[in-house]
There are 2 protein chains.
Amino acid sequence: MRLILVAGTTRTATIDGISAAGADPEAMVHTPSADAEIATYGEPIRAPVVPVSPSGCPTPAVVTRAVRELVGFEVTVVDGGLAEPTGAPTVTVGASPGGDIREQDPVSTAPGVFAAARQFGRAIPDDQVLVAETIPGGTTTALGVLRALGEDGAVSSSLPENPLGLKSEVVAEGLDASSLDPGGAAGEPKVALRRMGDPVLATVAGFVVGCVETDTAVTLAGGTQLLAAAALVRHTGVETRLSAATTSFLAADESASARELADSLGVDLTVTDPGFDGLDHPAFSRFVAGEAKEGVGMGGALALAADAAVPMTDVRDRLRGVYDRLFEGDHPGGSERPGSEETSEP
Amino acid sequence: MRLILVAGTTRTATIDGISAAGADPEAMVHTPSADAEIATYGEPIRAPVVPVSPSGCPTPAVVTRAVRELVGFEVTVVDGGLAEPTGAPTVTVGASPGGDIREQDPVSTAPGVFAAARQFGRAIPDDQVLVAETIPGGTTTALGVLRALGEDGAVSSSLPENPLGLKSEVVAEGLDASSLDPGGAAGEPKVALRRMGDPVLATVAGFVVGCVETDTAVTLAGGTQLLAAAALVRHTGVETRLSAATTSFLAADESASARELADSLGVDLTVTDPGFDGLDHPAFSRFVAGEAKEGVGMGGALALAADAAVPMTDVRDRLRGVYDRLFEGDHPGGSERPGSEETSEP
């Protein structure tokens, strides 16, 4: 089994209040590079941060890594527009960092990236793959893509309180800057990606189309961002059933509509609960409080663990170990445990 | 266990008669990109060739891949100066393709590459790694480095008849162009790399130094190229014992002096015989005839199989499977079986 992790950036993430995928804006730009390293090596090796939310929720990469250490799947990282170096090996599809979707042409490379990722999806010899994302601000660009395609549905958030009003404003501004009405890019996924998307969505959508064309079974490992990718795939004319796997935290987000969106797109959605409720360790409690929810393939990894009959208690034990290594270890991002006295938010 | 595969190029390989790491010069430039894909995915996915020698010996990558499918080690590819695209994920250390060592400054990036690879070696969290190479023409640059450092010893060859006379001429011309006497770069490994080496050697040597500095046990998985890397490491002042693992084909090459070179450099050399003798299948017979001998971590992979008590008969069975998939499969490099009527040399 192989997890394809598409890691990239969009300047949309720098809009104040949009994303919790980093301790602060300076740290956030390193999040995808660090997530790629955590998935590959178990810890950051070149990125100078261990990604956490402002209140100390660890990156979902720790969960994906914990499952990987138990189940043993391969990870292949695709550079979907990284803005900072990573020590993880990456596949190149010609992506560069995405611009703010309030600009007129934020992802000018989207058509080329989609085409290269489709070729990659066609060429990969695996029978089945999972595809996942790490991109701060990615739910806002996902909403932008859904609106440009004319698809209903709300997106989730890495924040406990989903700033959907702000996201809708940003998307409205973006549609305006791109001279698009809602639904104006229906049937034109590359237009939606270029004007309202991000380079990670362009990579994921192209990759999935390539997999479908060559009968590689693909599981969309994530939440509403991956469902936006499914919408893009649908708007290329693909009609086969698609599968997605997400977390119970994402599915429980009532501000979003993951189940409805999945249903409307013909996507079979698997939801896995890692059983973090009532546990006091910071590796669990911030997720239970509604932060992060999903990302870096967390839901897909949990589904793999369930499929392999790995007890969730083993996943949680391993997760504690990964967490402690990350927040107490001697590596570039090593630091005090988030939520400790020195770093906690007032 | 992780195999670090450093893949790159040197224009030294284009000198007529220097290398058999490709069916012809046009194909040869794709060999490292294809080897990286075979190690990662089990077949080429973007590179347009399955690397073979002019007479049909398959790339040693097929052996490494076969062992990987049995033993399950991770592969991390480092771009050590690739000249053609690869679909394999690669770590970036700033390498670009190396020039012909008969030029004055063929590897101007060597100092920066060495430094970046050293950082990578310092950062990698594994307790033990293997490091391997794929670079056509690499034994000639290895000889160049040994002479520049003032180390005795001959290098091996991917050809059954080692063109040592030609290699010595090329090296003499290179030393002349670089205004270096033999031994003129003793104690200055970066000078030796820049003037007489290649970007893969710069990456390997820097990486190994970084590993040694952080107590990561490193096995040099290869032949005389990896021993040249060991010489470079020695000339940085590293005095700890080093380990190498190579094939019986390489060790049996009487034109080279792998055992003597290893002894003189304080390198413990493990030699593994995969038991190809007397077998009629082209996956085996060209190796027995003295072609290829080593590369892409073949000797290191065989040592891993032996350590894991995997019988060599299992390795050979799996190798047949990988070979058949590669030469009969539907992928970019898929083609008729080398040595078959259509493609055999007269």
Side-chain angles (χ1 to χ4, degrees), chain A residues 2-7 33 36-48 65 68-69 71-79 82 84-94 116-117 119-127 129 207 210 214-216 322 325-326 329-334, chain B residues 2-7 33 36-48 65 68-69 71-79 82 84-94 116-117 119-127 129 207 210 214-216 322 325-326 329-334:
Chain A
R2 186 185 305 275
L3 173 71
I4 301 288
L5 174 60
V6 185
S33 302
E37 295 173 356
I38 293 168
T40 302
Y41 302 111
E43 59 187 61
I45 69 160
R46 186 168 178 187
R65 175 69 196 191
R68 187 178 178 216
E69 293 181 7
V71 175
F73 55 86
E74 292 192 58
V75 168
T76 301
V77 181
V78 181
D79 183 344
L82 292 168
E84 294 290 336
T86 183
T90 57
V91 176
T92 300
V93 291
Q119 276 308 112
F120 179 55
R122 291 181 64 91
I124 206 160
D126 304 74
D127 295 328
V129 294
F207 178 79
T214 50
D215 295 324
T216 295
V322 172
R325 190 171 73 215
L326 279 170
D330 173 27
H331 50 76
Chain B
R2 186 185 306 276
L3 174 70
I4 302 288
L5 174 60
V6 185
S33 302
E37 293 173 356
I38 293 167
T40 301
Y41 303 111
E43 59 187 60
I45 70 159
R46 186 167 177 186
R65 175 69 196 190
R68 187 178 177 215
E69 293 182 5
V71 175
F73 55 86
E74 293 193 58
V75 168
T76 300
V77 181
V78 181
D79 183 343
L82 292 168
E84 294 290 337
T86 182
T90 56
V91 175
T92 300
V93 291
Q119 277 308 112
F120 180 55
R122 291 181 64 90
I124 206 161
D126 304 75
D127 293 330
V129 294
F207 179 79
T214 50
D215 295 323
T216 296
V322 172
R325 191 170 73 214
L326 279 170
D330 172 28
H331 51 75

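All of these numbers come straight from a predicted model, not from anything done at the bench.
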J.: Restricting to salt bridge (Lys or Arg N to Asp or Glu O under 4.0 Å), what partner residues turn up for Arg122(A), sequence neighbours left out?
T.: Glu213(A)
J.: With no hydrogens and no angle check, is any side-chain donor or acceptor of Thr40(B) less than 3.5 Å from a backbone partner on Ala88(B)?
T.: no
J.: Which region of Gln119(B), side chain (C-beta onward) or backbone (N, CA, C, O), has a non-hydrogen atom less than 4.5 Å from a non-hydrogen atom of chain A, or is it both or neither?
T.: neither
J.: Residues two or more places apart in sequence or in another chain: which of them pass side-chain contact (heavy atoms from CB on, under 4.5 Å) with Glu69(A)?
T.: Arg65(A), Arg318(A), Val322(A), Arg325(A)
J.: Output yes when a side-chain donor or acceptor of Tyr41(A) lies under 3.5 Å from a complementary backbone atom of Ala123(B), and no otherwise.
T.: no
J.: Go through the atoms of Glu37(A) and report whether side chain, backbone, both or neither lie under 4.5 Å from a heavy atom of chain B.
T.: neither
J.: Counting heavy-atom pairs closer than 4.5 Å to chain A, which one of Asp126(B), Asp79(B), Thr90(B), Ile124(B) comes out on top?
T.: Thr90(B)
J.: What part of Thr92(A) is in contact with chain B, defined as an atom under 4.5 angstrom from a non-hydrogen atom: side chain, backbone, both or neither?
T.: backbone
